[in-house]
Visitor: 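Quick one: the structure is below, and I'll ask about it shortly.
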Amino acid sequence: MKYTSTRDKTLSILPSQAIIQGISKDGGLFVPKTIPKIDNLMELTEMDYRQLAYLIMSKFFTDLEPSLLREAINEAYGEKFSHREIVNLVKVKDRYILELFHGPTYAFKDMALSILPHLLRIALKTNNVNKEVVILTATSGDTGKAALEGFADVEGIKIAVFFPEKGVSQIQKLQMITQEGENTFVVGIEGNFDDAQTGVKTIFNDIKFKEIMDKHGYILSSANSINVGRLIPQIVYYFYGYLNLLKQGEIGEGEKINIVVPTGNFGNILAAYYGKMMGLPVNRLICASNENNVLSDFFNRGVYDRRRELILTSSPSMDILISSNLERLLFYILNEDDGAVKDKMEGLSKNGFYRIENINLEDFYGDYSREEEVTNTIKDVFNHDGYLMDPHTAVAYSVYDKYRLRTKDDTKTIIAATASPFKFGKKVADSIGLNTYEKDEFQILKELEDRTGIKVPEGIASLREKKVKHNNYCRKEDMKKILCKFLKVGEAFD
Ligand SMILES: *Cc1c(COP(=O)(O)O)cnc(C)c1O
């Protein structure tokens, strides 16, 4: 299996190289040259998560030593997850909630970031790279912590995380700034997630900077969802969820399902789309946005337009106007025309928008929910069905409610649940009617626990006692400078 770039199809590299590089030199994203198929789903229903993960990942990461890949999977999807089956499928009314937040940092990012460090380690070994790797990560809240957790104290790797100082929840911020590990570095930046992400991309595309890094024995890589080492592991749970339904007899062989995904950078739902291309019986992929509804506009009008103010919502991990992974979908819907993808992406960067014409987007349905709908959804589902959702999951649930009303489509449906409600305790508590006025975050969590009977996860409760290890703040223009300080690289930059 080889990978190519969405912006230059003449490129051809090995999976391990795609993992190390993160993003292509031409600015494009790596995509596998062929899509492997998985059939005979009926025969796979007895597999546990690890076995299924190996089946899928080994098809995409063909140059990683099989025994090492297997070991990595066993290590990543083991005791660090609080749920024995790694993910959990819960039926609420007639829908199936696929809980992806039982990993060490309580968000779905753990599904991929618990294995990415292992994949990177093996990839480096495969390519005999002896340099120290610097992982650069922009985060809207959850990626940062999950990456820090995965990479902390991994030998030969340093990790720097940039988060929007005002754009994350209190718990998300605490999780990051209390991170231990000599090789970790966390910086709050002035600006929003798009600023952080653009800043990181600019660093990646700065050839002069890369040369200086090289001179100091560093190579740069990314833990963001543009890395195929994150994308591919995310395909696994969609198959797992489907097989689970099949095994329980909730669906019949070959029966199609809908999948609803609360979406920001378009990584999670893209993995579901890959699943569909690989043969997973999917009817519709329902892309749920919050008030930053660029994607729902795109699916409804064929225009991607980021020329609007970013709105800070209660689902901060979806407060994004530039959904990087959409570039991969473009590549497929434009019939793998790399030149056309390049045009669109350059248009986006220059003019702030692009339009696609006469394209069939039937596989997708896009809509969004407003803050008030999110609040009501958390409240109603808790009151009527006893199920407690975080705001991101509630966006998906609410969009699905509207989809049902509008389309009357009663295809069985999986809704991806992407974070523990305790990561966004204040919003959740407010929504179900608890009084949070002038109470501190931990008091609120305790009351939420008392009211719902669901225990505050240990890793969140313990944040209260943790020491702050990172107290860095910079303007988005200064990201390179502060990174150099961390790496003890002396050169000055303009
Ligand atoms: C990252 C994240 C999302 C959005 O996922 P994308 O892959 O960026 O679309 C949704 N919910 C939560 C809780 C997240 O952390």
Side-chain angles (χ1 to χ4, degrees), residues 29 97-114 116 137-149 161 163-164 167-169 171-173 175-176 193-194 196-197 222-228 230-235 237-238 259-274 285-290 292-296 298-299 313-329 364 366 368-369 374 378 389-399 415-425 427-428 460:
L29 307 188
I97 312 279
L98 185 63
E99 293 182 346
L100 305 173
F101 55 77
H102 297 290
T105 74
Y106 314 104
F108 98 93
K109 303 294 195 293
D110 289 323
M111 298 307 301
L113 281 164
S114 53
L116 182 67
T137 301
T139 182
S140 54
D142 291 328
T143 291
K145 177 60 186 180
L148 287 163
E149 195 66 31
V161 168
F163 73 92
V168 300
S169 85
I171 292 292
Q172 286 178 316
K173 181 173 170 180
Q175 280 185 312
M176 289 187 278
F193 170 69
D194 288 323
Q197 177 158 260
S222 156
N224 275 108
S225 63
I226 47 175
N227 195 313
V228 293
R230 272 189 65 185
L231 177 62
I232 306 302
Q234 291 176 177
I235 300 170
Y237 45 78
Y238 290 112
I259 298 175
V260 193
V261 186
T263 297
N265 221 1
F266 208 74
N268 199 3
I269 194 166
L270 183 76
Y273 182 67
Y274 270 88
L285 295 164
I286 299 171
C287 176
S289 305
N290 64 21
N292 297 293
N293 56 353
V294 262
L295 286 167
S296 75
F298 174 71
F299 287 116
T313 72
S314 66
S315 43
S317 301
M318 294 154 65
D319 290 345
I320 292 173
L321 294 178
I322 307 167
S323 300
S324 301
N325 268 299
L326 190 67
E327 178 166 347
R328 288 192 170 104
L329 179 67
F364 287 86
Y368 73 102
S369 279
V374 173
I378 294 173
M389 277 184 294
D390 96 284
H392 302 76
T393 308
V395 166
Y397 198 101
S398 155
V399 162
I415 299 174
T418 49
S420 158
F422 291 95
K423 247 187 139 161
F424 305 91
K427 171 70 184 180
V428 175
I460 290 178

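Each ligand, and each atom within it, is numbered from 1 in the order the structure gives.
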Visitor: Do T313 and S315 pair up side chain to side chain, a donor and an acceptor below 3.5 Å, judged on atom types alone?
Guide: yes

Visitor: Counting only heavy atoms closer than 4.0 Å, does ligand 1 sit against the backbone of K423, its side chain, both, or neither?
Guide: neither

Visitor: In ligand 1, which numbered atoms sit nearer than 4.0 Å to a non-hydrogen atom of T263?
Guide: 9 (O)

Visitor: Give the residue, atom name and distance (to 0.1 Å) of the protein heavy atom nearest atom 5 (O) of ligand 1.
Guide: F108 CE2, 3.5 Å

Visitor: Could you give the distance from OG1 (T105) to NZ (K145), rounded to the nearest 0.5 Å?
Guide: 7.5 Å

Visitor: Treating Q234 as the side-chain partner and S225 as the backbone partner, does any N or O pair qualify as donor plus acceptor under 3.5 Å?
Guide: no

Visitor: Please determine, by modelled atom types, if N265 and N325 share a side-chain donor-acceptor pair under 3.5 angstrom.
Guide: no

Visitor: So which protein heavy atom does atom 6 (P) of ligand 1 come closest to, and at what separation?
Guide: N265 N, 3.5 Å

Visitor: With respect to G264, determine whether any N or O atom, backbone or side chain, lies less than 3.5 Å from an N or O atom of ligand 1.
Guide: yes

Visitor: Give a yes-or-no answer on whether the side chains of D142 and Q172 include a donor-acceptor pair shorter than 3.5 Å.
Guide: yes

Visitor: Backbone or side chain, does any N or O of F266 fall under 3.5 Å from an N or O of ligand 1?
Guide: yes

Visitor: Quick check: does any side chain N or O of D319 sit under 3.5 Å from a backbone N or O of S140, one acting as donor and the other as acceptor?
Guide: no

Visitor: Output yes when the distance from some N or O of ligand 1 to some N or O of G267 is under 3.5 Å, and no in every other case.
Guide: yes

Visitor: For the side chain of H392 and the backbone of S317, is there at least one donor-acceptor N/O pair under 3.5 Å apart?
Guide: yes

Visitor: Is ligand 1 less than 4.0 angstrom away from at least one heavy atom of P262?
Guide: yes

Visitor: Distance under 4.0 Å to a non-hydrogen atom of A419: what atoms of ligand 1 satisfy this?
Guide: 13 (C)

Visitor: Does a side chain donor of either N227 or R230 reach within less than 3.5 Å of an acceptor in the other side chain?
Guide: no

Visitor: Could you say whether the N/O atoms of N268 and ligand 1 ever approach to under 3.5 Å?
Guide: yes

Visitor: Any sub-3.5 Å donor-acceptor pair from T137's side-chain atoms to N224's backbone N or O?
Guide: no

Visitor: Give me the residue, atom name and distance of the protein heavy atom closest to atom 2 (C) of ligand 1.
Guide: K109 NZ, 2.4 Å

Visitor: Enumerate the atoms of ligand 1 whose separation from the nearest heavy atom of D142 is less than 4.0 angstrom.
Guide: 12 (C), 13 (C), 14 (C), 15 (O)

Visitor: Among all protein heavy atoms in this structure, tell me which lies nearest to atom 12 (C) of ligand 1, with the distance rounded to 0.1 Å.
Guide: T418 OG1, 3.4 Å

Visitor: For ligand 1, indicate whether the residue F101 contacts it via side chain, backbone, both or neither (heavy-atom separation under 4.0 Å).
Guide: neither

